[in-house]
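One structure is given below, encoded as structure tokens.
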Amino acid sequence: MKNLFVTSESDPRETRVAVIPSDVQKLAKLGWSVNVESGAGAKSGFTDQAYKDAGASIVSHEAVKEADFIVSVRKPPLEEVSNFKSASFHLSLLDPFNEKGLIKALAERGVYAVSFEMIPRSTIAQKMDVLSSQSNLGGYCAVIRAVSTINRIAPMMMTPAGTISPLKFFIVGVGVAGLQAIATAKRLGGRVEAFDTRPVVEEQVKSLGAKFVKIDLGETGQTAQGYAKELTPEQIELQRKGMAKVCAQSDIIITTAKLFGRKAPRIITGEMVAGMKAGSVIVDMAVEGGGNVEGSKPDETVITPNGVTIVGDTCLEARVPATASQMYSSNVYNFIQHFTSDAQFTINREDPIMKSALVCADGKITDERFM
Ligand code: NAD
């Protein structure tokens, strides 16, 4: 297997492309040839000509039927699976916890499918970790989205016409996205506070020059993969109480708290939103997984009766598609390179990365969580 097919994205909201021209050239050096569906890079600024110049062939969607290795950003539509060749390889964000029907169809079709979300959090796999590469940009975009929505400026300014106080940011959930949100808000001159249930985060928050909000929730911690453990209902209540005052004083709140594979915790209640100042803005980055904020809606911007704007953009990184595609494509390249030797891609099922991310093989679903 050494021929890659880069498809156009089927979701009209998707602006990214899975492989960019400079990685086509790098793949060629590994012995791969690359077919790109015409127009696949258009929304992220990569023309068919740029792919051709990089050595790719431009093909129509029909080529999917002949493809050995198909890559995309988002999952393929269910009805597309019957077009895939048996024993072909597929790589994308398959969303396997929510897409069990799709995973079943891929398995029944005999496709070897890797769910990019399932790349393990190990040092060696970091360069293929698409959740991190995209969350990092998402955190940046959340802050930019918030400051372009609010009716005030971010930095403090002392002018002859008076002193302008800086915006107060509150970042809830300090993983990859939250850390980037803190750094971006600081760069814009905001005053930043942050909270996370994982106590290890406090040092990281302080090192970025932000204040860590301390709330005693008792035993919390993280899983072996670095993900937050689910809080008990009592702990969530304690968290809400501890956060209410900070929320009321904040101009911008960015929530990033997800629980991988599970519903996002509802951290900010309607009552807490009602206690905020008119003109404040909340960006709920967990909106797709159920939302951290009561009243947030996927891909909608809601204005509450007390004048708080709740932004529910589901894929913030898609606002910077050239950069987001560059990162995604680099993750794809690193994945392929890891399993390619002597110009041959091998599905090495003993490799811990493949073991963790391969969700269908030999006509079966390989992980019982997705059955
Ligand atoms: P995530 O997207 O699952 O969650 C975002 C953040 O929300 C996390 O920090 C989580 O602790 C926090 N959170 C969950 N419930 C919360 C609640 N009720 N209140 C407040 N915060 C809550 O997490 P992530 O960004 O993917 O990363 C989590 C950790 O894993 C980070 O420490 C990150 O650096 C680490 N990580 C390691 C690797 C690697 O080793 N290769 C790769 C990626 C991430």
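Along the sequence shown, residues carry numbers from 1. Atoms within a ligand are numbered from 1 in the order they appear, just like the ligands themselves.
- The distance from ligand 1 to the heavy atoms of L231 drops below 4.0 Å at these ligand atoms: 18 (N).
- For the pair R16 and E317, the salt-bridge criterion is met [side-chain N within less than 4.0 Å of a carboxylate O].
- The atoms of ligand 1 that sit less than 4.0 Å from any heavy atom of S122 are 41 (N).
- Residue contacts with ligand 1 for V201 are absent, since no atom lies close enough (heavy atoms, distance under 4.0 Å).
- Protein heavy atom at the shortest distance from atom 14 (C) of ligand 1 is A228 CB, 3.4 Å.
- Considering V114, L94, V111, L106 in turn, L94 is the only one that fulfils the side-chain contact (heavy atoms from CB on, under 4.5 Å) rule with V359.
- Looking only at heavy atoms of the protein, atom 29 (C) of ligand 1 is closest to G226 O, 3.1 Å.
- To the nearest 0.5 angstrom, S122 atom OG is 7.5 Å from M128 atom CE.
- Atom 31 (C) of ligand 1 has R198 NH2, 3.4 Å as its closest protein atom, hydrogens excluded (heavy atom only).
- For atom 5 (C) of ligand 1, the closest heavy atom belonging to the protein is T256 O, 3.2 Å.
- Compare A257, G261, P120, S133 by their heavy atoms: the one nearest to atom 13 (N) of ligand 1 is in A257.
- A salt bridge links E230 with R262: the distance from a Lys NZ or Arg NE/NH1/NH2 to an Asp or Glu carboxylate oxygen falls below 4.0 Å.
- The protein atom (non-hydrogen) at minimum distance from atom 3 (O) of ligand 1 is Y227 CD2, 3.4 Å.
- Between I171 and V192 the shortest side-chain heavy-atom distance falls below 4.5 Å.
- At under 3.5 Å, not a single nitrogen or oxygen of I267, backbone or side chain, sits near a nitrogen or oxygen of ligand 1.
- The residue from Q126, R121, E230 that puts a heavy atom closest to atom 30 (O) of ligand 1 is R121.
- Looking at E202 and K214, a side-chain N of the basic residue comes within less than 4.0 Å of a carboxylate O on the acidic one, giving a salt bridge.
- Annotation: cation-pi geometry satisfied between K26 and Y333 (NZ/CZ under 6.0 angstrom from ring centroid, within 45° of ring axis).
- At least one N or O atom of D196, backbone or side chain, sits closer than 3.5 Å to an N or O atom of ligand 1.
- Ion pairing between K364 and D362 fails under the 4.0 Å rule for side-chain N and carboxylate O.
- Two residues are said to be in side-chain contact when any heavy atoms from C-beta on lie closer than 4.5 Å; T309 and V302 fail this criterion.
- Looking at atom 19 (N) of ligand 1, its nearest protein heavy atom turns out to be Q239 NE2, 2.8 Å.
- Taking atom 33 (C) of ligand 1 as the reference point, the nearest protein heavy-atom neighbour is V176 CG2, 4.2 Å.
- Side chains of H90 and S72 form a contact here, defined as non-hydrogen atoms less than 4.5 Å apart.
- Checked against a 3.5 angstrom limit, the closest N/O atoms of S132 and ligand 1 fall outside it.
- Protein heavy atom nearest atom 21 (N) of ligand 1, with residue, atom name and distance: G173 CA, 3.5 Å.
- Ion pairing between a basic and an acidic side chain is recognised when a charged N comes within 4.0 Å of a carboxylate O; E9 and R74 show no such pairing.
- Closest heavy-atom approach to atom 6 (C) of ligand 1 among the candidates G175, S135, G139, A286: G175.
- Using 4.0 Å as the threshold, L131 has no heavy atom nearer than that to any atom of ligand 1.
- Ligand-side atoms of ligand 1 in range of D129: 42 (C), 43 (C), range being under 4.0 angstrom from any heavy atom.
- Comment: D313 engages R319 in a salt bridge, judged by a side-chain N to carboxylate O separation of less than 4.0 angstrom.
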